[in-house]
Amino acid sequence: MGPNLLTNYGEAVSMILFCIGFANLLLQKNLIKKIIGLNIMDSGTYLFLAEKGYIEGRVAPIVVDGIQDVNAYINPIPSGLVLTGIVVSVSVTALMLSLTVRLYRRYHTLNLDEISMRLKKEGL
Amino acid sequence: MDMVCNFPAVSILLCLFAGIISSGLKQKAARMLNTVLLLVVITLSATAFVYTLATGSSFVYVMGKFPAPWGNEIRAGMLETFMATAFGIIMLLSLLGGEKKLHDEVEEGKIFLYYVLNDLLLSSLLALVYTNDLFTAYVFIEINTIAACGLIMIRQNGRTIEAAVRYMIMSLLGSGMILLSICLLYDITGHLLMSNIKETIEAISHYDTYNVPLMVAISLICVGLAIKSALFPFHSWLPDAYGYSTVSSAAILSSLVSKGYIFLLIKIFYRVIGVEIIRNSKIINVLFIFGLAGMIFGSLSAIKEADIRRMIAFSSVAQIGYIYMGFGLGTEVGMIASIFHILTHAATKSLLFISAIGLTEVSGGSRHFNEATGSGFRNKIAGIGFTIGSLSMVGLPAFAGFISKILFAQAALRNPHKMLSVLIVLGISTILNAIYFLKTVIRIYTPVESSIYKPLTMKDQKLYSVVIILFVIINFFLGLMSSMVTEWITRGLAMFS
């Protein structure tokens, strides 16, 4: 496991980032920090995909001077997946931020637990 | 290729376009478009179902004519088309039944947005049911989440926004795990199409090196989808989201959105990982235990609840527990029972939500248990609907719930290791169900001397009454024609893999 971990340090870093983001999204009380956690988590996944998609010494399959050997190119799909993922994560981030704005205007706090407490008191 | 093979793709695209067009329409036109869209989708799916029933095999629709390992595919068999039809019918009925309440609870200028969200939700549900590509499934999971979040917060008050935030947080945790798992599967196998992944996994499952990453991928995707479908320990977002949103949203969320994710999980079991590998892994035991725990704790929370809507919401936790318990049995019959219960729960829970709103309407708008005394007399059709829904959930013969319970029990008998625990928990859960549902039924039929609230007759609410009657008919259909439905499910499952 030791030598594998060293050669795949990029993947290891991405997993650590994923865990950091996951824990932040789950455990932080502040909504903005939660959203930051969400972005770290997603970035961790994209780093993982990018790491897996790149093979050292090969180039993107953009053909300019004739088709070379199959081994000259990398698979372009992981990069495409990263792009799609980024679009998805941008839209959910925007949605979360707009919800946060709504809550802040109403309750003047970003703390989700405090908002819940107040809602219980209101007895809505 | 027959004309019918285009229908699944066409119905997904129709929903997407209807969503876009609705965003520029007035409220009435958007509503009309949505109703027409749902009718068209139901017809298309039903035709595709009849076609697969007649040919006895599933068909593949290749998007953009790129062949298998590269292109994107849609695959429709009996089970997929049947589910799509059922989802369409229940969505249509839920929307029609809650329409009156929608006008009270949502700002007048924003109602068209509700139909935009519903069109998008339907498209993502259909895509989750039909798609044969894992990454497409991920994208539509996110669309589903966003649309569902919109459905919760369309009714603007502090409660619903908070519920929407909590729902989003849990859902995003789930989607993160699903995305990571899809990346791992792509990394291991080099494919994104479900059938290709399965071939590769079968080929590499003999090597020890792939065991750990494969197990990590399976557990991540199981936990991710379990969070999204509110399996027991992850259900904290559920009661608020179902309890305070507008009634059509609650019915659609509980009976369709969570079911879409569960159906995707079944597809992943059968078509991506391979059911043998799933059965040999320990993951189904984890699902089994959480399912059993959900059956008990969901019902216990429902008993403690004094708010009718929240009580029904907590009952969903218990019913999701049943479905995962069926997965956990790890047998074909267990899976069939689970799929039947998906249908039962979808039909019954939406009936309960819709009829509960009729009962609260004649109780001065209060959802409190005590206020509902005698409301079954004031709004007869809602009372009948609620009673039938309750009896079906408790599991009285001739109703849908009875059949799913007996299927679960029969499935348990085939599995000697898990038989005892299933039968005991099934018994306890039935008793607990009976406690809180029958308590409510007795309460709504307790006569009161003179009520301050005005009664509603069937003439005042024609559409609503028709919806309740149709729901009741669906319930009886599932209960009385169960042998036909289970045969369809069995044949559909055989087509699956």
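What you see is a predicted model, and the numbers here were worked out from it, not measured in a lab. Note on naming: letters A, B, ... go to the chains in the order of the sequence lines (proteins, then strands), and numbering restarts at 1 for each one.
- Put simply, of A:Gly85, A:Pro78, A:Gly21, the one with the most heavy-atom pairs under 4.5 Å next to chain B is A:Pro78.
- Every residue two or more places apart in sequence or in another chain that forms a side chain to side chain contact (heavy atoms under 4.5 Å, CB included) with B:Ile20 is listed here: B:Phe17.
- Looking at A:Phe48, the atoms closer than 4.5 Å to chain B (heavy atoms on both sides) all sit in the side chain, from C-beta outward.
- Only the side chain of A:Leu31 comes within contact range of chain B, with at least one heavy atom under 4.5 Å from a heavy atom of that chain.
- B:Tyr186 and A:Asn75 share a side-chain donor-acceptor pair at under 3.5 Å.
- Ring geometry for B:Tyr207 against B:Tyr210 counts as perpendicular: the plane angle is over 60°, on a 0 to 90° scale with 30° as the lower cut.
- For A:Leu25, the parts sitting under 4.5 Å from any heavy atom of chain B are the backbone and the side chain alike.
- Contact annotation for B:Leu192: only side-chain heavy atoms (C-beta onward) come within less than 4.5 Å of a heavy atom of chain A.
- Contacts with chain A were tallied for B:Leu173, B:Ile143, B:Val165, B:Ile161; B:Leu173 has the most, counting heavy-atom pairs under 4.5 Å.
- In this structure a side-chain-to-backbone donor-acceptor pair under 3.5 Å is present from B:Ser219 to B:Met215.
- For B:Ser249 (side chain) and B:Leu151 (main-chain N/O), a donor-acceptor pair under 3.5 Å exists by modelled atom type.
- In this structure, the portion of B:Met153 lying under 4.5 Å from any heavy atom of chain A is its side chain and not its backbone.
- Using a 4.5 Å cut-off between heavy atoms, A:Leu99 contacts chain B through both its backbone and its side chain.
- Heavy atoms of A:Ser116 lying under 4.5 Å from chain B belong to its backbone as well as its side chain.
- The residue among A:Met15, A:Lys34, A:Arg102, A:Met96 with the most heavy atom pairs within less than 4.5 Å of chain B is A:Arg102.
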Would you please test B:Tyr114 and B:Asp119 for side chain to side chain donor-acceptor pair (under 3.5 Å) and show each step? CA-CA 9 Å; B:Tyr114 192 71; B:Asp119 296 343; over 6 Å; no
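- Remark: side-chain polar atoms of A:Arg118 are paired, donor with acceptor, to backbone N or O of A:Tyr107 under 3.5 angstrom.
- Ranked by heavy-atom pairs shorter than 4.5 Å toward chain A, the options B:Leu184, B:Leu180, B:Asp240, B:Val139 are led by B:Leu180.
- A donor-acceptor pair shorter than 3.5 Å can be found between the side chains of B:Thr145 and B:Lys228.
- By number of non-hydrogen pairs under 4.5 angstrom with chain B, the leading residue of A:Leu81, A:Thr100, A:Thr45 is A:Leu81.
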